[in-house]
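Chain letters run A, B, ... following the sequence lines, proteins first, then strands; residues in each count from 1. Everything quoted here is computed from the prediction, not taken from an experiment.
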Amino acid sequence: MGIKDLLKFLKPHTESIHIKKYAGKRVGIDAYSWLHKGAYSCSMELSLNMEGDKKLQYLKYFMHRINLLRHHKITPIVVFDGGNIPCKAVTQDERERKRKANRELAMEKLKEGDVSAASELFQRAVTISPSMAHQLIQVLRSEDIEFVVAPYEADAQLAYLSSLEAEKGGIVAVVSEDSDLLAYGCPAVVFKMDRYGNGQEIILDKVLGSSDRVPSFRNFDKNLFTGMCVLAGCDFLPSIPGIGIVKAHSLVSKYRNLDRVLSVLKFEKGSQVPEQYSKSFREAVAVFHHAHIYDAALKQLKHMKPIPEDLLKSFDEELDFLGPEMPQSIATAIAEGNLNPCTMEAFSYFPSSSQANSTNLVRCDRLKKQEKRSLSSEDGCFAAVTSCKSRKDEKRGKFSASHAPFVVGRKHIDGAVELEKLKLPLMNDCEEESIIIIQKEVPKLPENNPFKKRNMEDILLKHTESTIKQVSVLTETESSEMLYPTPDSQQSVDSKPVKTTEEDTSVHREKKMKRSSNCHSSVQKSSILNFFSRV
DNA sequence: CTTCGGTTTATAT
DNA sequence: TAAACCGAAG
Ligand SMILES: [Mn+2]
């Protein structure tokens, strides 16, 4: 989980700041850290997919913070985690195992009638499902907030954005809880930002350049710093037994060269050093430098930093540990929030059960060209569209033409979902991989199924009436000083909804519509605005 | 002092 | 997505 003990170790190098120091700047947001925090306020509702809007409180939490930044004239860029990176698999499996255990315990307690014990356990079982992330994405779209879904780790994407000029979509700082960002070389990170905008800032160059603070990083460059992080133990590679952040730091400062540190370690620790350690070590460092990220200008997958020829050779041209490459169309569909990066299913507009994300309509599968994997037929799948390269293979396997009751191509799939909507220009990506779109049978839900009833549109429609008259000042940047007090003036922040007269309300509404006049349905938009303005 | 392995917290009323 | 915390052992 991040770099073990790094933040504690860097405590002397942190500075308490208020986020308003980034006024006028573009700042990256590590979406999952706020999503997780927000989910705590409604973990049971989410886990059980209960009726009502309480399970949407995580969205309100998130937007509250977004509005805090906007109030201070900061432009937030929200970055989501994407697919799972192979070398992190063990870390993630362990997390999921614990979550499931807690969830089952919670269900037991619930059966026993012990609600408070259950809800405590549900808190430990919270997961941010892709569906939840997608609901947030829809709100961000409606609020014209920039966002991007990273192909793999958000950390890497944020570090990449930090290396760009603002004009090219870059950011000057990142708000996150994750120490990995420093290992990725992020120049400025704000940790532990609270609801008032107070946080702990670490400037990497200050850390490396400072001469008077302890621990000292004299003679460290970013590469050595990253090496120290890996030695201390990271998500990709556990540390050698007995090595923590302190020893990692002293080894690196003593030898000022990672290869030398490794050979010293092998000599001193002997058999305690795993056989594969130095290879894994080099790979982990390479992830921090060359992870796969999305280049929004080129609209394609790239390495965070280009991989030098000799480094590539030293890995025998095998970069599988970075996660598979993907065609431009897929990377873009993921980045723009149209494709679930874990399942490769298209997001359906209507969220289903937020925790069990099972009713998406379309699935997009990638098959390596060479791979002779037989197309396993998932129950309920009945149709496929293939890209041009493999179209001749259509008769292959279970996906014969007779199973495909729709046009092969980009137009329509059986009338249910238009491919256009998915922004998947399938025909462009034939060399690398073939792409298969599978349509699942639309699940037949009973009329009283709560999953079906509770979708975003219902909720928004339902609340349009009640909220339209009660516009709070949360989305208004002018008169909201009292809601976002600066540290010195932060007494009563009980942000009660500001009662407005009918007159005021319509004025507010008009303002909002004007602001978003360039876009589609302003009715729905303003209902979303109002919904997340409610207090 | 440092590392290790476990548990608890993160919300908001 | 994680860090913080705490007692025990090296
Ligand atoms: Mn991370």
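Among the heavy atoms of the strands lying under 4.0 Å from A/I245 are primed sugar atoms or P, OP1, OP2 only; no base atom is included. Residue-level contact check: A/K54 touches neither bases nor backbone, having no heavy atom under 4.0 Å from any strand. Counting non-hydrogen atoms under 4.0 angstrom, A/D155 reaches the backbone sugars and phosphates but no base.
Here CG of A/D235 is found 10.5 Å from CG of A/L237. Values are rounded to the nearest 0.5 Å. Rounding to the nearest 0.5 angstrom, the gap separating the CZ atom in A/R256 from the CZ atom in A/R218 is 10.5 Å. The distance from the CD1 atom of A/I293 to the CD atom of A/E153 is 13.5 Å, given to the nearest 0.5 Å.
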With B for base contact, S for sugar-phosphate-only contact and - for none (protein heavy atoms under 4.0 Å), nucleotides 6-13 of chain B reads --S-BBS-
Summarise protein proximity over nucleotides 4-10 of chain C in one line of letters, 5' to 3': B for base, S for sugar-phosphate only, - for none, counting protein heavy atoms closer than 4.0 Å. S------
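Side-chain atoms of A/M304 and A/H290, non-hydrogen and from C-beta on, never get closer than 4.5 Å to each other.
Protein atom NZ of A/K4 is 12 Å distant from nucleotide atom P of C/dA3, rounded to whole Å. If you take OH of A/Y152 and P of C/dT1, they are 16 Å apart, rounded to a whole angstrom. Atom CH2 in A/W34 sits roughly 17 Å away from atom P in C/dA3 (whole-Å rounding). Rounded to an integer number of Å, the gap from CD of A/E94 to P of B/dG5 is 11 Å. Whole-Å rounding puts the A/D180 CG to C/dA2 C1' distance at 9 Å. Between A/E177 atom CD and C/dA3 atom P the separation is 9 Å, expressed in whole Å. The separation between A/D235 atom CG and C/dA2 atom C1' is 9 Å, rounded to whole Å. Look at CD on A/Q92: it is 13 Å from C1' on C/dA2, rounded to the nearest Å.
With 3.5 Å as the limit, one finds no donor-acceptor pair spanning the side chains of A/T226 and A/Y184.
The side chain of A/S179 places an N or O atom within less than 4.0 Å of a non-bridging phosphate oxygen (OP1 or OP2) of C/dA3.
Residue A/F236 is tested with A/F288, A/Y152, A/F281 for a ring pair (Phe, Tyr, Trp, His ring centres under 6.0 Å); the sole match is A/F288. Of the options A/E51, A/Q57, A/M50, a side-chain contact (heavy atoms from CB on, under 4.5 Å) to A/K54 is made by A/Q57 and by none of the others.
In this structure, the ring of A/F217 has its center less than 6.0 angstrom from the ring center of A/H249.
Contact check on A/K109 versus A/E120 returns no salt bridge, with no Lys/Arg side-chain nitrogen under 4.0 Å from an Asp/Glu carboxylate oxygen.
Taking every side-chain heavy atom of A/D81 into account, C/dT1 is the closest of B/dC4, C/dT1, B/dT3. Nearest nucleotide to the side chain of A/P241, out of C/dT1, B/dC4, B/dT2: B/dC4.
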